[in-house]
Amino acid sequence: MKENALQHRRLMTATIFTFIFMSGYALTYTMLGTLLPSIIQHYSLSISQASYINIALELGGTSAMVLALFLLDRINKGKALLFMALFFGLISLYIGSAPPFVILLAARFFMGLVGSILDNLCATYISDLYGEHRARYVSILHTLYAAGSLVAPKFAALCYAMGGWSLAFLVTGGVMAVAAVLAVVILRVMGFPRTSVSEQEQSKEKVRIPYKEILRSRNMRWLCLASFLFAGYSYVTMWLSTYLDWMDSSVYTVGFCSTIMTASYIGSVLSRSWLAAVAEKIGSAAYLKWASLLSGILLIALLIIQQPMVWLVGAFLYGLIGGAIYTGRFVLSCQEFPQFSATASSLTGVCSFGGNMVFNAVLGLAADAGYYTQALMVTAGLFMTGFLIFSFGYKAHRE
């Protein structure tokens, strides 16, 4: 009885810190969307040059997912999570020093590297802790990601008004670093909780991860393709402020764009909260099928209408419909190979980061050539193919 109570306290403590790290990661990652126009002005960049900021991040993220394929299922995820959170905070602090642009790109690469491992560890650690209930708790975790994203636009706008774009990175970096140090101290004294897979079972299995089986899995191949195409959704979320500033900076001010981004993330919070409640009933695959189709149709409609208040309402609906897409894809990859959740999710993560790099590079060039709107319409069309993938390709299991 006493052992069960101790395990429960350890589980709650580890879960709370994991939730804090995910929220901090989300805040730091998503506030860039609001700050990008200011960063472009600070460094005198074109849209295609500004895209290097995200491409550097995605290169780091891709490198992280390749490392994760061979590493994360072989290490203690709980301990690794704490150190990654600390490093992420320190990198954010350095970016807040507003280094020269080339050095900024290098820092963004390492932020992508460390941040992607942190993101993966948060979700796979929760998946390992809660086992067959992973869909519910990973959805809660990603709801907190959406909550951090919800705060990010207004937080970024406030920091910009008080001390420029760099202040936001200084604040988030400091908080993340302090939280990580606190977690190291508390969990070192208290001890880490047991996961849903026994330590003996883990140590036996992790030395022979079934890479061939994972790569040959039909469902994993479809999830990889979907992850690549779904990068179009995250591109729109990240670059919406910059796109609207490109359209008309006199109408779409920093304050108004932060409101639009906030509306989008309110929708995301509701979307992920809803998925957390019903994921085990409707299935993540069914959600992804309809969310990709409806989000693509909505984006095309918004690009055609092009009205400020329509963008405000549309951004909320965009988050409400597709805000849990990343969560659904992640849950499915963990479900395919639950004993090797980090490896399976990292494989789809590589494809997601690859898609992000392609979308950033191609749409940046299209924007400089004057075809930003048309390129976004094509992106929405590609994104909608998720309906076909989850209708005719991916074969859903019972969750």
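Residue numbers start at 1 and run along the sequence shown.
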Whether the side chain of S48 engages the backbone of D368 through a donor-acceptor N/O pair (distance < 3.5 Å, no angle test) should be reported. no

task = Could you label the plane-to-plane angle of the Y233 and Y318 rings as parallel, tilted or perpendicular, counting under 30° as parallel and over 60° as perpendicular?
result = parallel

Taking A14's backbone N and O only, do any of them form a donor-acceptor pair with T18's side chain (distance below 3.5 Å, no angle check)? yes

Q.
Within the 4.5 Å heavy-atom criterion, are F228 and V358 side-chain neighbours or not?
A. yes

T172 meets the side chain to side chain contact (heavy atoms under 4.5 Å, CB included) criterion, sequence neighbours left out, with L27, T28, M31, S92, F155

Closest heavy-atom pair, G349 versus R329, reported as atoms and distance to 0.1 Å, is N-NH1, 3.9 Å

- Look at the aromatic rings of Y372 and Y243 and report parallel, tilted or perpendicular, splitting at 30° and 60°. perpendicular

In short, S258 meets K154 closest at the heavy-atom pair OG-NZ, 3.3 Å

Are there more than 12 heavy atoms of other residues, nucleotides or ligands under 6.0 Å from atom CZ of F19?
-> yes

*asked:* Parallel, tilted or perpendicular, judged at 30° and 60°: which one describes the rings of Y25 and Y29?
replied: parallel

Across all chains, not counting sequence neighbours, the side chain to side chain contact (heavy atoms under 4.5 Å, CB included) partners of V251 are D248, P308

Classify the ring geometry of F169 against W165: parallel below 30°, tilted from 30° to 60°, perpendicular beyond 60°. perpendicular

Within a 6.0 Å radius of atom OH on Y371, are there more than 12 heavy atoms belonging to other residues, nucleotides or ligands? no

Close side-chain approach of L293 and F383, heavy atoms under 4.5 Å
no

Backbone of L59 reached by a side-chain donor or acceptor of S63 within 3.5 Å: yes

Separation between CD1 (I53) and CZ (R108), nearest 0.5 Å, reads 7.0 Å

Taken to the nearest 0.5 Å, the spacing of Q307 CD from L302 CG works out to 11.0 Å

In terms of heavy-atom contacts, R221 and L215 come closest through NH1-O, 3.6 Å

Within the distance-only criterion (no hydrogens, no angle test), does the side chain of E336 pair as donor or acceptor with the backbone N or O of S333 below 3.5 angstrom?
-> no

Original post:
Would a hydrophobic clustering, with Ile, Leu, Val, Met, Phe, Trp and Tyr connected at side-chain separations under 4.5 Å, put L187 with V189?
Top reply: no

message = Donor-acceptor pair, distance only, cut-off 3.5 Å: does the side chain of Q306 make one with the backbone of L303?
response = yes

Looking only at heavy atoms, the pair that brings L244 and Y252 closest together is O-CD1, 3.3 Å

### Query
Would I40 and V102 show up in the same hydrophobic cluster when neighbours are defined by side-chain heavy atoms closer than 4.5 Å?
no

Distance col, row L288:CG vs S391:OG, nearest 0.5 angstrom, shows 11.0 Å

If you measure only the distance, is there a donor-acceptor pair under 3.5 Å linking the side chains of N360 and S51?
no

- Query: Mind checking whether I389 and K289 have side chains closer than 4.5 Å, heavy atoms only?
  - Reply: no

Test log, rule side chain to side chain contact (heavy atoms under 4.5 Å, CB included), inputs I117 and F83:
CA-CA 11 Å; I117 293 177; F83 288 106; over 6 Å; no

Same apolar cluster (I L V M F W Y, side chains within < 4.5 Å links), M22/V184: yes

Output for pair (H42 NE2, L36 CG), nearest 0.5 Å, gives 13.5 Å

Inset, instruction - Apply side chain to side chain contact (heavy atoms under 4.5 Å, CB included) to the pair K79 and L121, showing each step before the final yes or no. - result: CA-CA 10 Å; K79 293 180 180 178; L121 283 171; over 6 Å; no

message = When you compare the side chain of N54 with that of L32, does any pair of heavy atoms fall below 4.5 Å?
response = yes

Between F109 and L105, is any pair of side-chain heavy atoms under 4.5 Å apart?
no

message: Applying side chain to side chain contact (heavy atoms under 4.5 Å, CB included) to T13 and F192, what does each step give before you reach the verdict?
response: CA-CA 9 Å; T13 302; F192 286 83; over 6 Å; no

Check your understanding: Donor-acceptor pair, D245 side chain versus P37 backbone, under 3.5 Å?
Key -> no

When every non-hydrogen atom of F359 is compared with those of G232, the smallest separation belongs to CE1-N, 3.4 Å

Value for CG (L141) from CG (L129), rounded to nearest 0.5 Å, stands at 11.0 Å

For A177 and L86, the nearest pair of non-hydrogen atoms, with its separation, is O-CD1, 3.9 Å

**Message:** Determine whether a donor-acceptor pair (N or O, by modelled atom type, separation under 3.5 Å) exists between the side chain of S292 and the backbone of F387.
**Reply:** yes

Distance col, row S234:OG vs W239:CH2, nearest 0.5 angstrom, shows 12.5 Å

query = So do Y52 and I55 actually touch side chain to side chain, heavy atoms under 4.5 Å?
reply = yes

Any chance you could lay out the side chain to side chain contact (heavy atoms under 4.5 Å, CB included) test for L298 and L294, step after step, and finish with the verdict?
CA-CA 6 Å; L298 175 62; L294 296 176; over 6 Å; no

Assess whether atom CD of Q374 is packed by more than 12 heavy atoms of other residues, nucleotides or ligands within 6.0 Å. yes

Sorted by chain and number, sequence neighbours left out, side chain to side chain contact (heavy atoms under 4.5 Å, CB included) with F110 holds for I91, L113

* Asked: Does a side-chain heavy-atom distance below 4.5 Å link N120 with S345?
  -> yes

* Is there a path of hydrophobic side-chain contacts, each under 4.5 Å between heavy atoms of I, L, V, M, F, W or Y residues, that connects I260 with M247? -> yes

### Message
Looking at S352 and T348, would you say the former's side chain and the latter's main chain have a donor-acceptor pair under 3.5 Å?
### Response
no

Any side-chain to backbone donor/acceptor pair from S268 onto S264? Under 3.5 Å, distance only.
yes

- Sub-3.5 Å donor-acceptor pair from the side chain of T253 to the main-chain atoms of F256, do we have one? yes

Heavy-atom side-chain contact between L45 and F101 under 4.5 Å: yes

